[in-house]
Amino acid sequence: MARVKALDRRVYERIAAGEVIERPANVVKELVENSLDAGARKVSTEIRGGGIELIRVRDDGAGMEREDALLAIQRYTTSKLEDLDDLEGLATLGFRGEALASIAAVSKMELVTKTREARTGTRIQVQGGEVISVDEVGATEGTAIEIRDLFYNVPARRRFMKGPGPEGARVTDAVLRLALTRRMVHFIHVVAGREVLNAPLASNLQDRAVAVLGRDVARYMIPIVDPDPDDPVDVSGLTGKPQLARPNKTQLFVSVNGRPVDAPEVSEAVKAAYGEILFRGRWPVAVVEVGVDPARVDVNVHPAKREVLFRDSELVERAVEEAIGSTLVNADLVTETAPRRTDVPLDVGAAPGEAEEDLPSFEPASGEPMTGSIQIDLAGGALEEDRLRAAVDIRPIVGESPGWDDLGHVPSWLVSLRPVGQIMDTYIVCEGEDAMYLIDQHALAERLTYESIKASAAHGRLKQQTVLEPIALHPTESQITRLETRRDALESLGFSFFNADDGTLYVKALPSMLGQKMTQEEVDVLLQDLLEGEASGTVSAKEEVIRSMACHLSIRAGQRLSPKQVVGLLRGMAGSTDPLACVHGRPTAIRVTKGELERMFKRTE
Ligand code: ADP
Ligand code: MG
């Protein structure tokens with residue numbers, strides 16, 4: 001009878017273990033959390049083969065006595081559950097009392113542990129949940145656990161593994177998340193013999209972020225300021241400049257009451273706070289720490305994934321969005337040039353690596369002669385003289401100042417701007433405080449026009465203008481389909497159409513701003529665009545129409561600007577809600593700091 005029961009228990013354990021321990025990353029997380037619970041000041045983790053071959057976690061925490069260690073690898077033992085009320089709180093990282101047993105059941109485990117008081121340490125070897133040996137050994141204070149051949153006895157689970165690369169990446173992600181929440185602990189993480197993290201004790205999150213995310217990311221992160229410190233939800237952490245944005249949310253770290261969690265609502269709220277500053281579909285880089293009354297959250301919705309369920313998630317979402325939103329509003333978000341080729345790309349959208357080939361290099365490759373526009377051959381006579389003159393024509397803007405005084409709140413970097421000239425008929429060059437700014441005239445103009453159309457449309461003030469002679473269009477079948485999906489949007493904005501029996505489509509009226517500012521030909525191009533433009537699927541039809549109108553109404557690249565137009569654009573930035581991103585999320589302005597210039601010219605070396 002007892003024997004049957006024992007067998008049952010072991011089978012059951014293996015199945016149950018699979019629920020808690022899905023993959024190496026869960027194992028590492030559970031073990032590190034135990035180390036943290038044991039008061040470790042230093043935690044070292046190491047994996048090989050994505051953690052399937054080997055996981056090693058070593059800490060300098062309190063350690064365990066022999067009997068306690070033996071108990072710990074049994075199911076449902078824990079030293080942490082004083083009474084049931086504890087379940088409500090989040091005092092310790094784990095409180096289910098089953099992680100160690102579950103891991104032991106599906107691997108070959110060796111545990112070496114020693115308490116401060118004990119003279120010697122204990123080594124326990126377990127295989128598939130069976131204790132194989134218990135020895136007295138010499139050991140330093142703390143606990144070291146080695147896991148080999150994870151899931152060797154659960155083939156179904158093992159087949160589920162994605163291979164060393166992806167599994168290892170998940171492990172690293174889990175370690176980074178923990179390291180970001182516990183900056184008073186020294187974390188070291190080694191993958192296949194290579195140290196990928198060494199984060200010594202840090203007195204503030206910024207320093208920890210440098211160690212975990214790298215200097216090149218951390219330098220573009222802004223401390224989150226909670227505008228409402230007294231409300232029930234505290235929000236703190238760091239949030240990245242839009243230029244760091246990534247195609248996924250792997251660099252969006254969320255913790256609740258000090259524990260890393262999966263909280264999709266929080267991630268969405270963070271993204272929402274960025275609004276249109278981000279390129280469509282991009283995610284910001286952020287370390288967001290949410291603090292709420294523990295009674296308001298459920299942590300163990302899923303035993304392995306550590307999702308959280310907020311009792312009042314709307315409250316949390318609102319607090320997060322507000323905190324990050326107000327942080328961004330008050331922050332200086334100008335895209336800055338990256339110091340090295342391997343650094344964050346200038347392109348606001350691209351993830352590091354993606355756009356590496358397109359990255360502008362500011363440093364002439366050593367040894368190569370400088371080429372390009374600077375070299376002018378003066379031997380060629382008159383023609384060359386013209387070319388020379390063209391080369392020095394930097395179209396200076398003289399005597400014009402934006403005059404910010406009447407504009408209310410203007411960010412300080414913007415106040416310091418002095419337009420210097422226009423180059424390539426496309427960019428406006430400005431000098432600011434200890435920095436040079438390059439502004440993309442079309443991107444900025446489009447953003448400003450977009451905002452003004454949107455504001456007018458919101459107040460129902462888009463005036464309509466009847467066209468004297470209706471514009472006749474001859475749309476194809478697919479254009480008609482496209483038009484129908486946009487028709488309501490177009491009409492709400494002031495367009496009016498008439499379908500004639502012969503298939504001709506007449507435009508009878510337009511928003512008057514189009515009629516006033518565009519030639520007949522330009523209007524035709526816009527209409528074609530509206531008939532043909534791809535539906536993006538992520539924004540509403542009305543939004544698409546407004547963006548398209550903004551694009552067609554705005555100053556283009558390749559257009560020579562008058563000093564007045566330049567000044568008008570700069571003043572527009574002061575009144576804009578998102579002056580730094582065009583409607584497609586590309587940056588409108590790029591800053592090259594004086595320090596950066598000095599570095600490029602090797603003045604600082
Ligand atoms: P839980 O963490 O939920 O208590 P575990 O199975 O993860 O359950 O651990 C069981 C017990 O083993 C813990 O309560 C703790 O007493 C002990 N333990 C586990 N890991 C360590 C460690 N690294 N250092 C000290 N004690 C540990
Ligand atoms: Mg635990």
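Side chains included, hydrogens not; waters and symmetry mates left out as well; all remaining heavy atoms used. Whatever order the structure lists them in is the order used to number ligands and atoms, beginning at 1. Index from 1, following the sequence. Owing to the predicted nature of the structure, the values given are computational and were not obtained by experimental measurement.
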Mind listing the side-chain donor-acceptor pairs of residues 193-203 below 3.5 Å, one per line with the distance, residues two or more places apart or on another chain?
| unit_1 | atom_1 | unit_2 | atom_2 | d |
| --- | --- | --- | --- | --- |
| Glu195 | OE2 | Asn198 | ND2 | 3.3 |
| Asn198 | OD1 | His186 | NE2 | 2.7 |

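If you number the atoms of ligand 1 from 1 as listed, the ones under 4.0 Å from a heavy atom of Ala38 come out as 24 (N), 25 (C). Residue Glu98 has at least one heavy-atom neighbour below 4.0 Å for each of these atoms of ligand 1: 6 (O), 8 (O). Ligand-side atoms of ligand 1 in range of Leu100: 5 (P), 6 (O), 7 (O), 19 (C), range being under 4.0 angstrom from any heavy atom.
On a distance-only criterion, Ala101 and ligand 1 share no N/O pair closer than 3.5 Å. Considering both main-chain and side-chain atoms, Glu30 never comes within under 3.5 Å of ligand 1 through any nitrogen or oxygen pair. Residue Asn34 has at least one nitrogen or oxygen atom sitting less than 3.5 Å from a nitrogen or oxygen atom of ligand 1, judged on distance alone. Ligand 1 has no nitrogen or oxygen under 3.5 angstrom from a nitrogen or oxygen of Ala72.
Residues Val270 and Lys249 fail the side-chain proximity criterion, which asks for heavy atoms closer than 4.5 Å. With contacts defined as side-chain heavy-atom distances shorter than 4.5 Å, the pair Lys271/Leu252 does not qualify. No side-chain heavy atom of Gln243 sits under 4.5 Å from any side-chain heavy atom of Ile590. The closest side-chain heavy-atom distance from Gln125 to Lys108 is not below 4.5 Å. Contact annotation: the side chain of Leu580 never approaches that of Pro242 to less than 4.5 Å [non-hydrogen atoms, C-beta and beyond].
Side-chain polar atoms of Glu317 and Ser313 form a donor-acceptor pair below 3.5 angstrom.
At a 4.0 Å heavy-atom cut-off, ligand 1 touches Thr143 through the side chain alone. Residue contacts with ligand 1, taken as heavy atom pairs separated by less than 4.0 Å, involve Ala99 via backbone and side-chain atoms alike.
Taking the salt bridge (charged side-chain N to carboxylate O under 4.0 Å, His left out) definition, one finds that Asp332 meets it with Arg591, sequence neighbours left out.
For Met64, the heavy-atom gap to ligand 1 drops under 4.0 angstrom.
Among Asp37, Val43, Leu111, Asp59, the residue whose heavy atom lies nearest to atom 23 (N) of ligand 1 is Asp59.
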